Amino acid sequence: MDSREFAKTLGKQVAGFCKSLDNKLPAYSYIPLTTDEMRVKVMQSRLFNEIRAGEIFGGWLKSTPELDVKKTLARAVHEEYEHATFLEEALRSKGATPYDYQALPAQMAMFNAFEGLTDTVERIAAFPMAGEGVADYLIAKCLQAGTVPSWITDPYRRIHQDEEQHGNYPFDILVKYAITAEKQERAARAVAMSLVLRRAYFENLDRWVYEDKIY
Ligand SMILES: [Fe+2]
Ligand SMILES: [Fe+2]
């Protein structure tokens, strides 16, 4: 398949997953949450994601031969730690300790799975495209909801701006490098893996926020 057509197919797959969340928005989106105690828990979990995302992108640098992708990943590392700073500040403003948090089992599994991917096309499809695509979809919803407090929406407005600015880079990388049937097959499986693990993380986070259970 033409790589642009292929990248569009993956984009549609991610968009379909996003739509499937609309009926019952996860705690991750902040929208259904009713107390600051719950919101702090979600933000701590998402702060962990920023830190872990930077680690993953940075960890991929040496094994990424494509220089343009390498540079993009390096910029992404820096950006994730800027996001982490925004969330740390927001948590401190609520009197919370930002890193008083232990990763949930499904959250650990999701990031460990990203970390284990070895091919550029697979990596970009699984994480920047599918993973961050879903995250940013829910950030946009959170900002539009009008019911989420400003100590949450202020930092996420800045994060959303960053994600919007370079929103197309995973697509462009796939167009450029997902040029064989084998690469496309691997990328499609990686997106499916990412979405399955994302759903598990959202469910795990819901369970922790609403029932104080970690599995
Ligand atoms: Fe990001
Ligand atoms: Fe981020």
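Order of appearance sets the numbers: ligands from 1, and atoms from 1 within every ligand. Keep in mind that what you see is a predicted model, and the values were worked out from it rather than measured. All heavy atoms count here, side chains included; hydrogens, waters and symmetry mates do not.
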Checklist entry - According to the ring-ring contact (aromatic ring centres under 6.0 Å, His included) rule, which pairs have a member within residues 120-162, sequence neighbours left out? => result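 Residue pairs with at least one partner in residues 120-162: Tyr30-Tyr156, Phe57-Phe127, Phe111-Phe127, Phe114-Phe127.
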Item to check | the Fe ion (ligand 1) neighbourhood, protein N/O/S only, threshold under 2.8 Å | outcome: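 The answer is Glu80 OE2, Glu132 OE2, Glu163 OE2.
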Next on the checklist: Taking the cut-offs as 6.0 angstrom to the six-membered ring centre and 45 degrees off its axis, would you call Arg198 and Phe17 a cation-pi pair?
Outcome noted: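 No, Arg198 does not lie over the aromatic ring of Phe17.
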Next on the checklist: With a 3.5 Å distance limit and no angle check, can you tell me whether Gln184 reaches the backbone of Ala178 through a side-chain donor-acceptor pair?
Outcome noted: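 Flag set: sc Gln184 to bb Ala178 pair under 3.5 Å.
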Next on the checklist: Among residues at least two apart in sequence or on other chains, which ones pass salt bridge (Lys or Arg N to Asp or Glu O under 4.0 Å) with Asp206?
Outcome noted: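 In terms of salt bridge (Lys or Arg N to Asp or Glu O under 4.0 Å), with neighbours along the sequence ignored, Asp206 is linked to Lys24.
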Item to check | Under the salt bridge (Lys or Arg N to Asp or Glu O under 4.0 Å) test, residues paired with Arg199 that sit two or more places apart | outcome: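 Once residues adjacent in sequence are excluded, Arg199 has no partner under the salt bridge (Lys or Arg N to Asp or Glu O under 4.0 Å) criterion.
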Item to check | Verify same cluster id: Ile214, Met38 (apolar side-chain graph, 4.5 Å) | outcome: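 Ile214 and Met38: one cluster.
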